[in-house]
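Notes follow the structure.
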2 protein chains.
Amino acid sequence: MKVTIKDIAKAVGVNVSTVSRALNGKPGVSDELRGKITQIADQMGYSPDMTATGLKKGKTKIIGVLIPDIANPFFAQIVRGMEKVFRPVGYHLLLCSTDEDPEHEEENLKTLLRQRVEGILAAPVDSGGNKVFYTRVLENGIPLVFFDRIVPDIETSYVITDNEAGIRELVEYLHKNGHESLGVITLRSRSFTGRVRLNGTLKVCKELGITIKDGWILDGKSGQEGAYEAARRLFSFEERPTALLVQNNLMMLGVMKAMKDLRLKVPDDISVVCFDDSYWNQIFDPPITCVAQEPEQMGLVAATLLLDKIMHNGKNSKTILKAHFIERESVAKI
Amino acid sequence: MKVTIKDIAKAVGVNVSTVSRALNGKPGVSDELRGKITQIADQMGYSPDMTATGLKKGKTKIIGVLIPDIANPFFAQIVRGMEKVFRPVGYHLLLCSTDEDPEHEEENLKTLLRQRVEGILAAPVDSGGNKVFYTRVLENGIPLVFFDRIVPDIETSYVITDNEAGIRELVEYLHKNGHESLGVITLRSRSFTGRVRLNGTLKVCKELGITIKDGWILDGKSGQEGAYEAARRLFSFEERPTALLVQNNLMMLGVMKAMKDLRLKVPDDISVVCFDDSYWNQIFDPPITCVAQEPEQMGLVAATLLLDKIMHNGKNSKTILKAHFIERESVAKI
DNA sequence: TGGGGTTTCGCAAACGAATGCGTTTCACGT
DNA sequence: ACGTGAAACGCATTCGTTTGCGAAACCCCA
């Protein structure tokens, strides 16, 4: 059924080692014989068994990718960037979704180790508890690059965006336009990114004297539904901030939905800004002012860093991407 | 560095075969010894080498997934559905993007064969030329399931949505609301889905007596930019249809962008309906009437079909998913 | 024609885990 | 004390491929 190197050897009448050398372009086999072998090989439909090759060479040509959720366009675009780097060099991506569940994360890391991936690209689960397993990855000598988030105390390459700076731009922009009160729809509170963005928000608001009343910080749970609920709650208060900061792309959808349901208009009833710029931000009515991360770029950089580690044993390198401020029409001048 | 079954054997003082049996829960090992072995094994940080196991058993626990573009939310959600099926049974997904390029497709299929994946889930490239390689996949005894699209003449399981029925619902709805002229932003003309949806559109229009003038069928090239250009071209004509049918989700973005730039209002200036329902359709102003596919469901079904083939040697099975009509507010009554 | 050097190729040993089969151990029944 | 059967374990082989080493064949030039 499956044609192996041995079958070819038999067919051509040479030894398997010769076939191997011929097919791998190694010296020590005459051009004539090499031609004959390659010809017969693909005539027989031979395709090398990577499980055998991997066993022998210790190279599987597989990269493990750990992400929270592939259905989130942000991460999907990151993965796309990674593919652009790895496909040309013959590597492929083994995809693992964690769903922000540390158990899934642990389980996935284990299988990645088992599969003998040549490297791991990971956006660690936000609670950040799996330090043990990431160190085990490094102990096993498997190159590791974090993206979007990091695990404190794990010494390896990473690429993240400058969340504080992004937040700062948003808040300062609001302040410049006369806003002195702010509501926030936050990510899940335990999350790394969530903490960073929230702390950044609070810090800048304090600096600028922007007031955030109790109850104006609402847990959007990182997703569309959570943000919808949070936004409805916020809009039910009698006293509202003049501006709203939504901390990621998916939650922006929930907020818009809530406003639509409540027939609230941006920016007349409230101004809105948002972290991330997914497909929809520029199409909304009005288009949403935001800071844009560059997910594809992030994937590209992370992949390049990892590839460098794999091929040239590259040193650790920490990249911090800038978030680009995009002014649109969702903020009122006061 | 890497601890193997042999190291454990040495450490415990038994034979490798005993370790193997103990770790795999096979009979022939005393409970006492088994306990000792497992304990020492994970104390030494042992993790089985799947390249070796795979070679021996011919099972890699890897599924190959072939998709056009992971950054398209439609496909990302499909993949998510697949994961839900495969993760619980210990399989993982090897992701390959084709970018609708037959060469990439061919290349990817080859690597999937090399990697000895246990099954392949594929949304074939639309031009549909790679019949040869898919038959080779089947010849090698690798279970194959198509989703979203099929390759004619390849006899295997698939799951697609009923494009004709979906199109029919959209067009009939327009007709019911008094529309008698229609513009179409089409997918790339060579694509399977593109042909099916366009032919369906033409057929139903003919039935209902809806006129589509020359030039009202515009190639949106399946993507946002292409649709933007196409829409602008359409709106530059002096004579316009009263309604516009956009043939997929991404193109809807381009169309909306074009309308925003031209300050055209839906549905006052033109009515719009669309195939697919991504995140944004319900948030637009006005929300877009459409037929929704269920990508996650599609992934789920495809994965289940494949798993059945892998585990129980299941027979071929063809599933056709219904597209659900969702009435919103983007169509004017005339 | 012969010696030295270079190709060209075959042989066999790995790689890590799984397993059929053969061997040992041990407990129990007589 | 001996025999019996089952349970526990070891040995050696297997998977498909790569690779170091050695043997043979070839070439060039004296």
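All figures in this text were calculated on a predicted structure; none of them were measured in a lab.
Within the 4.5 Å cutoff, no side-chain heavy atoms of A/Lys315 are placed close to those of A/Lys309. A/Met82 places none of its side-chain heavy atoms less than 4.5 Å from the side chain of A/Leu300.
Side-chain N/O atoms of B/Asn24 include none lying less than 4.0 angstrom from OP1 or OP2 on C/dA17. Side-chain N/O atoms of A/Lys26 include none lying less than 4.0 angstrom from OP1 or OP2 on D/dT18.
If you take NZ of B/Lys56 and C1' of D/dC15, they are 6 Å apart, rounded to a whole angstrom. For the pair A/Ile5 CD1 and D/dT18 C1', the computed distance is 8 Å after rounding to whole Å. Whole-Å rounding puts the B/Ile37 CD1 to D/dG10 C1' distance at 12 Å. C/dA14 atom P lies 17 Å from atom CG of B/Leu55, rounded to whole Å. A straight line from CG of A/Asp49 to P of D/dG16 spans 7 Å, rounded to a whole angstrom. The distance from atom NZ of B/Lys59 to atom C1' of D/dG16 is 18 Å, rounded to the nearest whole Å. Atom NZ of B/Lys6 and atom P of D/dG10 are 15 Å apart (whole Å).
With rounding to the nearest 0.5 Å, the separation of OG in A/Ser47 from CG in B/Leu109 is 11.5 Å.
Remark on the helix from C/dT1-D/dA30 to C/dT30-D/dA1: inter-end axis angle 50°, axes from five-pair C1' superpositions, rounded to 10°.
Within the structure, ring pair (Phe, Tyr, Trp, His ring centres under 6.0 Å) pairs that include any residue of residues 132-155 of chain B comprise B/Tyr134-B/Phe146 (at least two apart or interchain). Counting only residues at least two apart or in different chains, salt bridge (charged side-chain N to carboxylate O under 4.0 Å, His left out) contacts with residues 60-71 of chain A comprise A/Asp69-B/Arg80.
For the segment residues 7-22 of chain A, residues with any heavy atom less than 4.0 angstrom from an atom of DNA chain D are, sorted by number, A/Ser17, A/Ser20, A/Arg21.
Summarising the geometry of B/Arg116 relative to B/Thr60, their closest heavy-atom pair is O-OG1, 2.7 Å, with the distance given to 0.1 Å.
Residue-to-nucleotide contacts include no donor-acceptor pair under 3.5 Å from the side chain of A/Lys57 to the base of D/dT18.
Remark: side-chain polar atoms of A/Glu83 are paired, donor with acceptor, to backbone N or O of B/Ser97 under 3.5 angstrom. With B/Thr156 contributing its side chain and B/Leu144 its backbone, the two residues share a donor-acceptor pair below 3.5 Å. The backbone N or O of A/Val125 lies less than 3.5 Å from a partner atom in the side chain of A/Glu105, making a donor-acceptor pair.
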Extract from the structure each pairing of a protein N or O with an N or O of nucleotides 5-8 of chain D at less than 3.5 Å, listing the distance.
none

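With respect to A/Ile63, the side-chain contact (heavy atoms from CB on, under 4.5 Å) criterion is satisfied by exactly one of A/Leu94, A/Val117, A/Leu112, A/Leu121: A/Leu121.
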Which atom pairs, donor and acceptor, lie under 3.5 Å between side-chain atoms of residues 21-28 of chain B and protein residues at least two apart or in another chain?
| from | atom 1 | to | atom 2 | distance (Å) |
| --- | --- | --- | --- | --- |
| B/Arg21 | NH2 | B/Ser17 | OG | 3.3 |
| B/Asn24 | ND2 | B/Ser20 | O | 3.4 |

